[in-house]
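Starting from 1, each residue takes its place in the sequence as its number. Atom set for the values below is all heavy atoms of this structure, side chains included, hydrogens, waters and symmetry mates excluded. Please read all numbers here as calculations on a predicted model, not as lab measurements.
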Amino acid sequence: MRTIWWEDNKVILINQQKLPNSLEYIECTAYQRVATAIKTLEIRGAPAIGVAAAMGIALAAYQSQAQSTNQLRKEINIAAQAIQETRPTARNLFWAIERMLQRAQSIQGTPATVRQEMIREANTIAEEDIEINKTMGNYGAALLEDGDVIGTICNAGWLATAGEYGTALGVIKVAHQQGKNLSVIAMETRPVLQGARLTAFELSQDNISVQVICDGALGYCISQGLIDKFICGADRIVAKDGCHVINKVGTHTASIVAQYYGIPFYVAAPISTFDFNQSLQQITIEEREADEVTHIMGHSIMPNNVPVLNPAFDITPPELVTAIITEKGIIYPPYEKNIHQVQ
Ligand code: MRU
């Protein structure tokens with residue numbers, strides 16, 4: 001249950017565009033291929049693309065013919081720049097790149113030493129991600145009760161991380177392992193259906209009961225008392241002015257409906273998703289290609305030449321978030337004050 005790993009000096013990743021119909025792997029022998037995989041959603045989910053960025057940089061270092069450490073660092077910077085341009089919103093991508101570049105700068109020694117260290121650091125980031133999600137799952141599981149039906153959006157499971165648990169689905173999995181009888185209502189998550197394709201796949205593999213709804217059915221399901229709690233992941237939590245949660249488009253709508261009908265709205269995210277430096281205005285919400293909306297699984301569903309809007313993420317303000325589950329504990333409002341517990 002790993003989404004991405006380093007093997008025989010290559011980066012191997014599950015091609016998530018092919019799931020659930022087939023389980024295929026991509027072998028990357030150049031960092032550019034890792035960058036393409038991030039861009040095209042062959043690997044996706046904030047923590048997973050952070051790990052992919054780190055592995056891509058390690059691959060660039062491994063492949064470099066540089067004879068001096070300075071030259072190697074220059075080539076690592078070029079790869080980092082290219083990987084940074086793949087997707088703009090998930091904080092984890094930038095967090096992982098910054099960590100790799102800091103390590104490349106601080107390590108002294110020959111190019112061979114730096115190359116080895118880059119591979120070691122990328123593997124460490126992946127291992128840590130799995131441990132962090134397990135810890136987060138343990139904290140979050142306390143919020144779930146036997147019999148709960150949990151709503152979720154997109155895929156915030158092991159496929160969205162280095163592997164094993166996931167963030168929001170990690171919380172559900174740990175509670176399930178503790179013996180709580182839970183079931184999930186997963187929003188299909190148009191346009192590219194991470195909920196219908198990936199969350200449904202993951203939860204059924206784990207024998208956790210799951211039903212998929214089309215996104216527009218969420219309000220009805222909550223109004224009818226069919227969902228007790230909502231949990232999602234995050235791509236970036238802007239922590240400068242309260243905690244604004246940037247996550248898959250549709251999350252904000254879910255948070256409004258949850259508050260209207262009085263059900264808790266939880267977010268599960270590691271500290272590497274938090275942005276402590278930039279303001280909301282400085283963040284780019286990714287706009288993706290129109291064909292994700294005009295087509296479903298390669299089939300055109302719209303008249304030609306009708307324009308579409310395709311923002312990949314939206315912003316949920318802190319007043320709609322009941323609590324944020326992290327590996328350092330659960331943060332409750334007021335977030336401006338309580339954020340210091342995890343900073
Ligand atoms: O466009 P995606 O599939 O990369 O979007 C992913 C999400 O929105 C997830 O909810 C988020 O990254 C958290 S995953 C642990």
Side-chain angles (χ1 to χ4, degrees), residues 45-47 89-92 132-133 135-145 148-157 160 166-172 175 184-187 189 195 215 218-219 221-222 227-281 283 285 311-343:
T89 308
R91 171 65 196 143
N92 308 61
I132 283 169
N133 291 326
T135 309
M136 209 153 62
N138 273 312
Y139 280 120
L143 299 169
L144 304 185
E145 288 156 279
D148 274 346
V149 181
I150 298 139
T152 192
I153 186 168
C154 197
N155 170 264
T167 57
L169 297 190
V171 170
I172 296 169
V184 174
I185 292 189
M187 294 169 73
T189 319
D215 295 337
L218 185 75
C221 291
I222 294 184
I227 297 178
D228 300 302
K229 286 160 191 164
F230 196 95
I231 310 184
C232 62
D235 277 78
R236 188 182 290 249
I237 296 178
V238 180
K240 251 199 146 177
D241 183 17
C243 281
H244 286 80
V245 175
I246 303 180
N247 191 48
K248 181 52 60 195
V249 69
T251 302
H252 181 36
T253 319
S255 71
I256 294 169
V257 181
Q259 187 171 74
Y260 186 85
Y261 287 103
I263 69 162
F265 183 88
Y266 297 120
V267 176
I271 303 301
S272 53
T273 300
F274 284 69
D275 185 339
F276 296 105
N277 297 317
Q278 297 183 95
S279 65
L280 212 46
Q281 291 67 33
I283 310 303
I285 300 292
F313 302 101
D314 62 20
I315 307 165
T316 297
E319 58 272 23
L320 297 180
V321 179
T322 309
I324 304 175
I325 304 154
T326 76
E327 72 272 30
K328 293 198 179 167
I330 301 176
I331 323 171
Y332 290 94
Y335 297 112
E336 310 84 278
K337 182 164 163 264
N338 295 339
I339 189 70
H340 301 295
Q341 295 164 5
V342 299
Q343 219 168 340

- Going by heavy atoms in the side chains, are F230 and I185 under 4.5 Å from each other? no
Residue pairs meeting salt bridge (charged side-chain N to carboxylate O under 4.0 Å, His left out), one or both in residues 252-262, sequence neighbours left out, come to none
Checking N138, T135, V171 against I325 for side-chain contact (heavy atoms from CB on, under 4.5 Å), the one that qualifies is V171
Value for CD1 (I315) from OG (S255), rounded to nearest 0.5 Å, stands at 11.5 Å
Measure the shortest side-chain to side-chain distance between P270 and M136 over non-hydrogen atoms and say whether it is less than 4.5 angstrom.
-> yes
Pairwise side-chain contact, H252 with P317, heavy-atom cut-off 4.5 Å (strictly under): yes
Taking every heavy atom of G233 against every heavy atom of A156, the minimum-distance pair comes out as N-CB, 3.9 Å
Per-pair distances, 0.1 Å, donor-acceptor, side chain in residues 257-267, under 3.5 Å, sequence neighbours excluded:
| from | atom 1 | to | atom 2 | distance (Å) |
| --- | --- | --- | --- | --- |
| Q259 | NE2 | E319 | O | 3.1 |

CD1 of I132 to CD of E327, rounded to nearest 0.5 Å, is 4.5 Å
Heavy-atom closest pair (Y139 atom, T326 atom, distance to 0.1 Å) is CD1-O, 3.5 Å
So OG1 of T189 and NZ of K248: to nearest 0.5 Å the spacing works out to 8.0 Å
Separation between OG1 (T273) and CD1 (I324), nearest 0.5 Å, reads 10.5 Å
- Kindly determine whether I153 and N247 satisfy side-chain contact (heavy atoms from CB on, under 4.5 Å), including the steps that lead there. CA-CA 9 Å; I153 186 168; N247 191 48; 3.9 Å; yes
Donor-acceptor pairs under 3.5 Å, side chain of residues 239-246 to any protein atom, not counting sequence neighbours: which ones?
| from | atom 1 | to | atom 2 | distance (Å) |
| --- | --- | --- | --- | --- |
| K240 | NZ | N277 | O | 3.2 |

Smallest heavy-atom separation, A160 atom then P47 atom, equals O-CD, 3.2 Å
The salt bridge (Lys or Arg N to Asp or Glu O under 4.0 Å) partners of D275 (sequence neighbours excluded) come to R236
- Item | I237 vs Y335 side-chain heavy atoms within contact, under 4.5 Å | no
In this structure, OG1 of T251 is separated from CD1 of I256 (nearest 0.5 Å) by 11.0 Å
In terms of heavy-atom contacts, I231 and I172 come closest through CD1-CG1, 4.3 Å
The reported gap from CG in D228 to CD1 in I222 (rounded to nearest 0.5 angstrom) is 10.0 Å
F313 meets the ring-ring contact (aromatic ring centres under 6.0 Å, His included) criterion, sequence neighbours left out, with none
Salt bridge (Lys or Arg N to Asp or Glu O under 4.0 Å) filter on D314, not counting sequence neighbours, yields none
Is a side-chain donor or acceptor of N338 paired with a backbone partner of Y332 at a separation under 3.5 angstrom? yes
Taking every heavy atom of Q278 against every heavy atom of V238, the minimum-distance pair comes out as O-CG1, 3.5 Å
All heavy atoms of L320 vs all of T316, minimum pair found to be CB-CG2, 4.0 Å
